[in-house]
Amino acid sequence: MHAMTESTNALTRIGALLLIVAALYFGKRILIPFALAGLLCFLLAPVANRLERWRVPPAASSSLTVLLAVVVLLGVGSVITAESVHLAKSLPQYRQNIERRFQTLQGDKAHLLEKLHGTLGRFTGGAMSAGAPAARSRGGSTTGRASQRASSPTPSQPPPAQGGTPVPVTIQSSATRTAFGLAKDYAVPLLGPIGTGGLVAIFLIFMLYGRDELRDRAIRLMGTNHLGATTLAFAEGGRRVSRYLLMELAINVAYGIPIGLGLWLIGVPGAALWALLTVVLRFIPYIGAWLAAALPVLLALAVFNGWLQPL
C-alpha cells in the first residue's frame with residue numbers, strides 16, 4: 001500500500017511538471033513579455049518613485065517613465081540600425097583584404113607541408129632511389145601498351161543531330177509591385193516585434209502603477225502571521241534588486257564608453273555599434289564580455305592589413 005502511494009505521488013509530480021512545461025510553452029507569447037516587463041519594473045521603479053516625490057500623480061509618473069524608456073530604446077535602436085547599415089555597405093570594400101588573409105594562411109600551410117615533405121624525403125631517399133629502376137621498367141612497359149592502344153583505330157562517332165527549331169528569347173519587364181505587396185514584404189515581419197514591445201509597455205505601465213498593490217497582494221497570499229516582517233522584506237528586496245540592476249547598467253555603460261573610444265581611435269568601423277553591444281552583452285554572465293570582444297576583433301582582421309590593430 002505504501003509503495004502504491006509513493007508511485008501515485010511520483011506520477012502526480014510528473015504530470016504536474018508536464019502541465020507546467022506545456023503551459024510555459026503554449027503561453028510563451030504572454031509569459032515572455034510579462035517576465036520582461038517585471039524585470040524592467042525593478043529597473044524603472046526608482047525613476048517612478050522620484051517622479052512621485054516631485055508631486056507627479058502615480059498614473060502620470062508610470063506613463064512618463066515608460067515613455068522615457070521607450071525614447072531611450074528607440075534612440076539606441078536607431079543608432080544600432082544606422083551603424084549596422086553603414087557597416088553592411090562598407091564590408092564589400094574589405095573583400096580583397098579578407099581574400100588576401102586567407103591566401104596568406106594557405107601559403108603558410110603549403111610552405112609548412114613542403115618543408116615536412118622535404119624532411120621526410122631526406123630520411124627515405126635511399127629506399128626511394130633503390131626502387132626507382134624497377135618503377136622505370138614497369139613504366140616503360142606501361143607506356144608501350146598505352147602507345148599500342150593509342151595507335152589502334154577507334155570507331156568514328158556520328159555527328160550530333162542538328163534538328164530542332166530555335167526557341168525565341170523574349171525579355172519581359174518585371175511588373176510594378178503594389179503597395180500591398182510592399183507592405184507584406186516589409187511591414188508584416190515587423191508586426192511581431194512591435195506587438196511584443198507594445199505588450200511589454202502595457203504590462204510595464206500597469207506594474208509601475210500598481211507596484212504597491214501587487215506587493216500587498218503577494219503578502220496576503222503568503223499569510224498575515226508576520227505581516228510587518230514580510231512587508232519590510234518585500235520592500236528591501238525590491239530596493240536591492242533595483243539598485244543592483246541600476247549599478248549593473250552604470251558599470252556596463254562605464255565599460256562600453258572607453259571600448260567605443262578605443263575602437264574609434266584604432267579605426268575599427270562601427271565603434272558606436274560595438275560599444276552599445278558591449279553594454280547589452282555584458283548583462284550575460286561569464287560569456288557576454290567575450291562575445292562583445294570577439295565581434296570587433298574579427299572585423300579588425302578583415303579591415304586592416306597587419307596584425308597590430310586586431311591585437
Side-chain angles (χ1 to χ4, degrees), residues 28-54 56-89 183 186-211 214 238-261 263-264 269-285 287-289 291-293 295-296:
K28 60 183 178 181
R29 296 185 180 275
I30 302 297
L31 294 177
I32 291 177
F34 186 81
L36 186 57
L39 183 63
L40 292 175
C41 181
F42 282 108
L43 183 61
L44 299 176
V47 180
N49 292 333
R50 181 61 60 88
L51 290 176
E52 290 179 5
R53 291 195 198 102
W54 292 345
V56 179
S61 65
S62 303
S63 302
L64 287 175
T65 303
V66 174
L67 182 61
L68 179 62
V70 170
V71 169
V72 172
L73 290 177
L74 287 178
V76 173
S78 63
V79 172
I80 291 177
T81 302
E83 291 289 335
S84 301
V85 171
H86 177 70
L87 185 62
K89 290 182 179 179
Y186 294 100
V188 172
L190 297 176
L191 292 179
I194 291 175
T196 303
L199 198 58
V200 170
I202 293 172
F203 282 152
L204 183 57
I205 290 174
F206 282 103
M207 285 182 179
L208 287 174
Y209 177 72
R211 57 190 182 277
L214 288 174
R239 282 195 298 269
R240 287 180 178 271
V241 172
S242 300
R243 190 182 304 119
Y244 168 76
L245 291 176
L246 286 175
M247 290 302 298
E248 184 73 17
L249 179 61
I251 292 172
N252 291 354
V253 171
Y255 185 84
I257 289 175
I259 283 183
L261 291 175
L263 293 175
W264 176 71
L273 173 64
W274 306 125
L276 289 173
L277 285 179
T278 301
V279 173
V280 175
L281 290 175
R282 279 202 83 251
F283 279 102
I284 304 176
I287 63 172
L291 290 176
L295 297 174

Seminar exercise, completed: Heavy-atom nearest pair, P33 first then K28, reads CD-O, 3.8 Å
Exercise. Short question: side chain of S78, backbone of G75 - any donor-acceptor pair under 3.5 Å?
Worked result: yes
For this session: Flag the pair F34 / M207 as yes when at least one side-chain heavy-atom distance between them is below 4.5 Å, and no otherwise.
Result: yes
Exercise. What's the spacing between S62 OG and E52 CD if we round to 0.5 Å?
Worked result: 6.5 Å
Exercise. Is V280 close to L276 at the side-chain level, that is, under 4.5 Å between some pair of heavy atoms?
Worked result: no
Exercise. How far does CG of L44 sit from OG1 of T65, to the nearest 0.5 angstrom?
Worked result: 6.5 Å
For this session: Find the distance between CG (L291) and OG1 (T278) and round it off to the nearest 0.5 Å.
Result: 10.5 Å
Problem set entry | Sub-4.5 Å side-chain heavy-atom contact between I30 and L199 | yes
For this session: Please check if atom OH in Y209 has more than 12 non-hydrogen atoms from other residues, nucleotides or ligands closer than 6.0 Å.
Result: no
Exercise. Any idea which heavy atoms bring E248 and R282 closest together, and the distance?
Worked result: OE2-O, 3.7 Å
For this session: Check the surroundings of atom CZ in F283: do more than 12 heavy atoms from other residues, nucleotides or ligands lie under 6.0 Å from it?
Result: yes
Exercise. Quick check: does any side chain N or O of S242 sit under 3.5 Å from a backbone N or O of L43, one acting as donor and the other as acceptor?
Worked result: no
Problem set entry | Heavy-atom check, side chain of L204 versus side chain of L208, under 4.5 Å | yes
Exercise. Can you check whether G256's main-chain N or O pairs, donor with acceptor, with W274's side chain at less than 3.5 Å?
Worked result: no
